[in-house]
Student: 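One structure follows; several queries about it will come next.
Numbering of ligands and ligand atoms starts at 1, following listing order. Position 1 is the first residue of the sequence; numbering continues from there.
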Amino acid sequence: MSTFNGFLREIPYIRVDRFNTYDEDTKIFFLTHCHADHTVGICDEFFLDLKRRNLFLYASPISVRILKNDYPDFTCRLKEVIVGEYSLIQTEYRGEIIYLTYKAIPAGHCPGSVMFLFDTERFQVLYTGDFRIDKHEQFMNKYFKDVTSIETIYLDTTFCKKEFPHFPTRKESLSGLCDLITSWLNRDKTNLIKLTFPATYGSEYLFKGIYESTGFKIHVNERRYNLHKFIPDLDEMIDVDDYKLKLRIHACDNFFCRLANSSPTKICEIKITAMIWTHYQPGDSVVSYEGGNFYRVCASYHPSYNEINDFINYLKPKRIIACVFPQKPDEQIKMLGLLKEMTRNYSKREIDEKFVIDVGKMLKSEDNRKKKLLRNDDLLSSPPRRFKKLQPSDVDLNR
Ligand SMILES: [Zn+2]
Ligand SMILES: [Zn+2]
């Protein structure tokens with residue numbers, strides 16, 4: 001769960017992934033993806049404010065479609081970014097015309113998720129949002145080859161802990177999951193599968209993979225179906241009409257379907273998780289049997305500790321800000337220690353003291369906005385993590 005406050009100190013006139021901390025000096029808004037912890041502050045009043053000041057919110061085409069559906073009156077305040085290419089925005093800040101170059105980079109976290117690489121006259125800054133990269137080498141060479149000196153990375157630190165050294169690749173998770181599904185369904189023609197996910201929105205690659213591998217469509221409820229209609233090709237793979245189609249795989253989050261009339265002995269429940277898979281090593285099984293007809297399958301939408309390490313070592317930033325900062329002080333110290341350790345691989349400079357941005361000065365009528373968060377908030381929730389008060393922290397090589 002993101003704890004980032006939206007403010008990049010290198011580019012004070014933008015806000016990213018937090019929309020209740022801006023002020024009159026904020027000129028451009030960016031959204032990496034539509035999970036509720038990244039859309040805090042997006043509401044009718046926010047868009048009315050954009051309209052009044054003639055400002056825009058930039059997001060990927062899929063995120064824009066989701067927002068347009070939620071805010072049909074404000075579609076003209078949304079701008080689609082071109083993924084994989086540099087774009088330029090001109091704005092006026094404190095009486096001067098300024099230019100911001102940015103590149104949206106696919107983040108592999110959920111459909112339409114992107115990172116933002118910002119390029120100002122003085123700094124290159126990367127805001128990752130939530131991300132998970134497969135094929136590190138290939139990906140980095142494709143999108144970051146031209147990156148010379150990154151001042152700061154605002155980083156997805158969800159699993160930046162030694163307990164999560166590895167996660168299976170997407171392909172490995174999918175293959176373990178499909179084997180489990182096929183073996184259960186082949187055992188008896190009345191057998192069914194019940195799938196549960198940590199986040200409603202983000203598991204679409206698994207749906208696609210299951211459909212392609214097993215040929216079975218997946219039963220989803222209407223809310224999920226309405227959200228997924230924005231994702232190309234997915235409508236062929238999921239359906240709401242369970243009784244007519246006699247669907248055998250269910251990701252419907254309820255029992256108002258054939259699951260309800262079926263004997264529990266016929267239902268295999270599979271929970272997709274990452275959080276409990278501590279100390280996973282390459283080659284370990286991605287499936288864990290939990291007793292009865294219950295299994296867990298490991299799939300992560302965030303990078304493991306080693307993946308974070310590789311990412312940081314490739315980009316060699318001068319400063320790192322943890323965008324998912326733990327609540328407990330001892331865990332905070334541990335995370336900062338790990339980030340420092342990573343940076344020591346390429347920098348000899350001494351680093352200590354964490355830096356905390358004073359967001360208090362720029363909080364703007366937050367209370368009014370809290371009441372009207374994104375309407376799809378539970379549908380678009382992230383994997384459960386306890387939320388803490390806004391307080392990003394960083395590792396700064398210059399300090
Ligand atoms: Zn997310
Ligand atoms: Zn169902």
Student: Tell me, please, if H109 has any N/O/S atom, main chain or side chain, under 2.8 Å from the Zn ion (ligand 1)?
Tutor: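 A backbone or side-chain N, O or S atom of H109 is under 2.8 Å from the Zn ion (ligand 1).
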Student: Mind reading off the angle at the Zn ion (ligand 1) between the OD2 atom of D130 and the NE2 atom of H33, rounded to 10°?
Tutor: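 If I round to 10°, I get 90°.
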Student: Mind telling me whether Y22 and F29 have parallel, tilted or perpendicular rings, with 30° and 60° as the class edges?
Tutor: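 Perpendicular: the ring planes of F29 and Y22 meet at over 60°.
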Student: Quick one: the SG of C257, the Zn ion (ligand 2), SG of C252 angle, rounded to 10°, please.
Tutor: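 Rounded to 10°, it measures 110°.
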Student: Out of the N/O/S atoms in H219, what is the name of the one closest to the Zn ion (ligand 2)?
Tutor: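 Within H219, restricted to N, O or S, the Zn ion (ligand 2) is closest to atom ND1.
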Student: Please verify the inter-ring angle class for H109 with H35; under 30° counts as parallel, over 60° as perpendicular, anything in between as tilted.
Tutor: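 The arrangement is perpendicular - the two ring planes meet at more than 60°.
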Student: Using only atom types and a distance under 3.5 Å, with no angle test, would you say the side chain of R224 pairs donor to acceptor with the backbone of C252?
Tutor: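 It does not hold such a pair.
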Student: In terms of ring plane angle, is the pair F139 and F144 parallel, tilted or perpendicular, where the classes change at 30° and 60°?
Tutor: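 Answer is tilted, since the angle falls between 30° and 60°.
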Student: Restricting to N, O or S atoms, which atom of H35 is closest to the Zn ion (ligand 1)?
Tutor: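 When I compare the N, O and S atoms of H35, ND1 is nearest to the Zn ion (ligand 1).
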Student: Which atom name would you report as the N, O or S atom of H250 nearest the Zn ion (ligand 2)?
Tutor: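 Atom name of the closest N, O or S in H250: ND1.
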Student: Just to verify, which of Y71, F74, F19 counts as forming a ring pair (Phe, Tyr, Trp, His ring centres under 6.0 Å) with F46?
Tutor: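 That would be F19; it is the only one of Y71, F74, F19 passing the ring pair (Phe, Tyr, Trp, His ring centres under 6.0 Å) with F46.
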